[in-house]
Amino acid sequence: MKRRIFFKSLGIMAVSTGIAKAESKVEIINNKIRRNLQMGKFELPALPYSYEALEPHVDAKTMEIHHTKHHAAYVNNLNAAVAGTEMESLSLEDLMKNISKYPVAVRNNGGGHYNHSLFWSIMGANKGGEPTGPVSDAINSAFGSYSNFKEKFTDGAIKRFGSGWAWLVLRDGKLEISSTPNQDNPLMDVADVKGFPVIGLDVWEHAYYLKYQNRRPEYIGAWYNTINWDEVNKRYSSGK
Ligand code: MN
């Protein structure tokens, strides 16, 4: 079901933007990944855009490695960790909510799968700019303005020591900023700030090192130009 939606959106994009060649390359790669995967419960989602789509903010090589190697490994390892156990019958969200009860391999790889699936979905080509829709009002009411939000979110993302994520979290109907180590996320019962993740930013070095080396702040500044506010609004509404 999910797979069909992704391919449908790829098709629409190829026609509407005239970059069918780049899109079909993504489709070939995604099919190859799928064949190479042990068919398990969890699947690597196809990207809804080409690896080049986020240039110059996030480079194509980083996107390709991040998706086909890093995310694919989280999915493979998660499937291996749940195989033959009671966890096989649980959704990813249910695993996250009670993660303290499950092995660390499920925390790391389940978190990795959830976080990256979210991350791909809230970015896109020719996006960024000021927020729109209900999430714009919610950002203004929680932080005063979008530029205040960016300042605080950037600060949290820069200060996350080592590998982790920065989050815009919906908690008790209000937006908050937080960060987590490794592949933890706000859905997990072990998170300091628990809630529904509306925006997630990957600040692992693998997300930016090829283009930005040690310059995490520069990567974060450029990444704002990829935010797909339509998708962020969808997440915000579903979290509400
Ligand atoms: Mn990553």
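Start at 1 and go down the list; that is how both ligands and their atoms are numbered.
Within the model, atoms CG of D202 and CZ of F119 stand 5.0 Å from one another, a figure rounded to the nearest 0.5 Å.
Expressed to the nearest 10°, the angle at the Mn ion (ligand 1) joining OD2 in D202 with NE2 in H116 is 100°.
Of all the N, O or S atoms in H66, the one closest to the Mn ion (ligand 1) is NE2.
A salt bridge does not link D189 to K194: none of the charged nitrogens lies less than 4.0 Å from a carboxylate oxygen.
Side-chain contact between W167 and I199: absent, with no pair of heavy atoms (C-beta onward) separated by less than 4.5 Å.
Between the Mn ion (ligand 1) and H206 there is an N/O/S contact shorter than 2.8 Å.
Taking the ring axis of Y224 as reference, the NZ or CZ atom of K150 stays within 45° of it and closer than 6.0 Å to the ring centre.
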